[in-house]
Amino acid sequence: MGQTGPLLSVKNVSKEFYGNVVLQDVSFELHEGEILGLVGENGAGKTTLMRILFGMPIIAETGGFSGSIEIDGKPVSFSSPFDALDAGIGMVHQEFSLIPGFTTTENIVLNRESMRPSLLNDVFGQRMSILDRTLMRQRSASAVSKLGVSLDLDMLVSEMPVGHKQFTEIAREISRDHSRILVLDEPTAVLTESEAQVLLASLKRLASEGVAIIFISHRLQEVLDLADRVVVLRDGHVVKDTPTAGLQIRDIASWMVGRAVSGETEHHEASRALGESILSVEHLWVDMPGETVRDVSFEVLKGEIFGIGGLAGQGKLGIPNGIMGLYPSGGSVRLQGQSLELNNPAGALKAGMAFVSEDRRGVGLLLDESLDWNIAFTAMQVHGQYLKPLLGGLIRLRDEKAMAELSQEYIKLLDIKCTNHRQKARELSGGNQQKICLAKAFALKPQVLFVSEPTRGIDIGAKKLVLDTLRRYNRDYGTTIVMVSSELEELRSICDRIAIVDEGRIAGILPAHTDSSEFGLLMAGRTDTAPAEQNLREEAPRA
């Protein structure tokens, strides 16, 4: 290798979005030919860090970042991804960015096509040059051969298996002149085990030729097998930067999820008595883009707070969305022994279930309506409440007084900061909007309440209030709650049991007081070293 100093230096990088700090004083180095594993839970800051490194416009649009990035010891400032590409940084994102109607070759050399002069060049200049398809094909073949895989250079992307698409993306990045740093964001998530092994071998080959690689993955065994060094992000901080030699998966999992904050989970009543099964889910599949559920089975006990966790894109969000009928689904769901008709949102609500969606602006709220209208609306639609009959019941009008009393009750109960119950939902802060979503669900008096990402995008103080409200509602009214969250410690602080979803299936169900590293192993796709899915009757005491 031609240099002794670092190829890339990230120094004291911090970033906040609208007052929410997502990166804090992050520093690490990357050397030529080195493979660096970057790991962390969803929300740890990995994606934001890579956006900064790649000059994504959203960073500048939200106030930029503090700290510096150096290449070969010289500070660089990227105003767009094109600047990063010119500096030799290539990135392969989780979502494919290929053109379906183009071939492998055309995608690999896109925007850098080889041209040759035509007869019209003398008259009209370089604009009349034509594609040199022979040279383009040679360049593509060279990039593909570097990966050590076999791809049909003339196949349309739309006809490719998913693994070939991933290799085409990588070939495109390494085909660029002066490509020195390659960033891969969850590159094996869509690959079969055999394809993943081929990819890891390809990356080792690239590193041996001097390409530096940042490998982002939640598959910790792959990180250990591939990377020379691992950097662990947690809550926007680098909590560990160490060589991988001698490390175990359990070590990295513990660093990723950390330990429970003192006092946060002590409230958990490990021995509290719960009722019989109230919700039974068998072989559920849900076709939710980006959150596909393949085959999920579990039971929830009456009065339980049941948690569902896992990394982004593994299917945890698809479970409540599918059961509540918002996305196509199949399988069997029984509520109190009665079969629930899937793909019927109104039926799910009438059966006694309610849902606080992760998309509070798109699904949860009527942003331009008043708070009392938001809180009462679903109960009005589903149960005919907060309506008063006129003309012997021929017509029914809104009962403004009853709606006002309802909204004022929940504004007080949830400590919602607003001017009055007539204020528009759009004007509230994120945390208070989330409380309105909870109030709307509570107003239905459901038997089972699904709550998805209840604290996403809100500050620490509001998070505590929301979690305390859920805990209190469960305790005081006996409502069964199924809570989906990307934050493991949040689940551990409130739930009785937690299911971890990995690749559309449940990797395991553990009591919430189980050591956090066990959950980290399940998130990493390792079920062999973790306890098997807990027997319902053994792990959840009943009344």
Side-chain angles (χ1 to χ4, degrees), residues 20 22 40-47 218 234-236 253 256-261 264-265 267-268 279 286 288 290-291 293 296 298 300 304-324 354-360 363-364 430-431 433-435 437-438 441 448-474 479-502 504 506-514 516 518-520 522-524:
N20 180 33
V22 292
E41 281 191 283
N42 181 44
K46 305 187 301 294
T47 299
H218 74 269
R234 187 172 75 235
D235 297 328
M256 279 174 60
V257 298
R259 298 294 177 205
V261 178
E264 275 293 284
T265 58
H267 83 278
H268 180 79
L279 179 70
V286 183
M288 179 178 178
E291 287 286 344
V293 178
V296 158
F298 61 90
V300 181
E304 183 176 22
I305 302 181
F306 185 82
I308 300 178
L311 295 165
Q314 299 301 303
K316 66 180 184 294
L317 295 179
I319 293 172
N321 277 281
I323 292 174
M324 294 302 295
F355 181 33
V356 179
S357 172
E358 69 281 355
D359 181 9
R360 59 174 174 259
V363 176
Q433 286 182 347
Q434 189 69 308
K435 292 179 194 175
C437 291
L438 286 174
V448 175
L449 173 61
F450 289 95
V451 186
S452 190
E453 301 286 9
T455 65
R456 175 184 282 173
I458 60 179
D459 62 50
I460 292 173
K463 282 185 179 184
K464 185 176 188 306
L465 279 170
V466 167
L467 295 177
D468 286 347
T469 299
L470 289 170
R471 190 182 296 126
R472 188 169 67 246
Y473 195 80
N474 167 261
T479 304
T480 303
I481 296 176
V482 179
M483 174 173 156
V484 180
S485 177
S486 297
E487 298 190 30
L488 177 62
E489 289 309 318
E490 191 171 276
L491 291 172
R492 294 182 74 221
S493 75
I494 191 175
C495 297
D496 297 289
R497 292 180 300 145
I498 301 169
I500 298 298
V501 180
D502 181 59
I506 289 189
I509 300 176
L510 300 172
H513 54 76
T514 304
S516 57
E518 297 288 352
F519 290 104
L522 291 178
M523 288 183 187

For the residue pair Phe355 and Phe450, does the interplanar ring angle fall in the parallel (under 30°), tilted (30 to 60°) or perpendicular (over 60°) class?
perpendicular
For the [atom1] atom of [X] and the [atom2] atom of [Y], what is their distance to the nearest 0.5 Å?
{"X": "Cys495", "Y": "Asn474", "atom1": "SG", "atom2": "CG", "result": "9.5 Å"}
{"X": "Glu490", "Y": "Ile498", "atom1": "CD", "atom2": "CD1", "result": "10.5 Å"}
{"X": "Leu311", "Y": "Met523", "atom1": "CG", "atom2": "CE", "result": "6.0 Å"}
{"X": "Ile481", "Y": "Leu470", "atom1": "CD1", "atom2": "CG", "result": "5.0 Å"}
{"X": "Arg497", "Y": "His513", "atom1": "CZ", "atom2": "NE2", "result": "11.0 Å"}

Looking only at heavy atoms, which two atoms of [X] and [Y] are closest? And how far apart?
{"X": "Gly504", "Y": "Val296", "value": "O-CG2, 3.6 Å"}
{"X": "Leu510", "Y": "Glu518", "value": "CD1-CB, 3.9 Å"}
{"X": "Glu291", "Y": "Leu317", "value": "OE1-N, 3.4 Å"}

Hits for ring-ring contact (aromatic ring centres under 6.0 Å, His included) against Phe519, two or more places apart or cross-chain, chain-then-number order -> none
Is a donor on one side and an acceptor on the other found under 3.5 Å between the side chain of Arg492 and the backbone of Ala512?
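Flag set: sc Arg492 to bb Ala512 pair under 3.5 Å.
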The criterion is side chain to side chain donor-acceptor pair (under 3.5 Å); which residues satisfy it with Thr480, sequence neighbours excluded?
none
Among Ile308, Ile319, Val451, Ile323, whose side chain to side chain contact (heavy atoms under 4.5 Å, CB included) with Val482 holds?
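Looking at Ile308, Ile319, Val451, Ile323, the match for Val482 under the side chain to side chain contact (heavy atoms under 4.5 Å, CB included) is Ile308.
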Please list, chain by chain and in numerical order, all residues satisfying side chain to side chain contact (heavy atoms under 4.5 Å, CB included) with Ala441, sequence neighbours excluded.
Ala354, Val356, Leu449
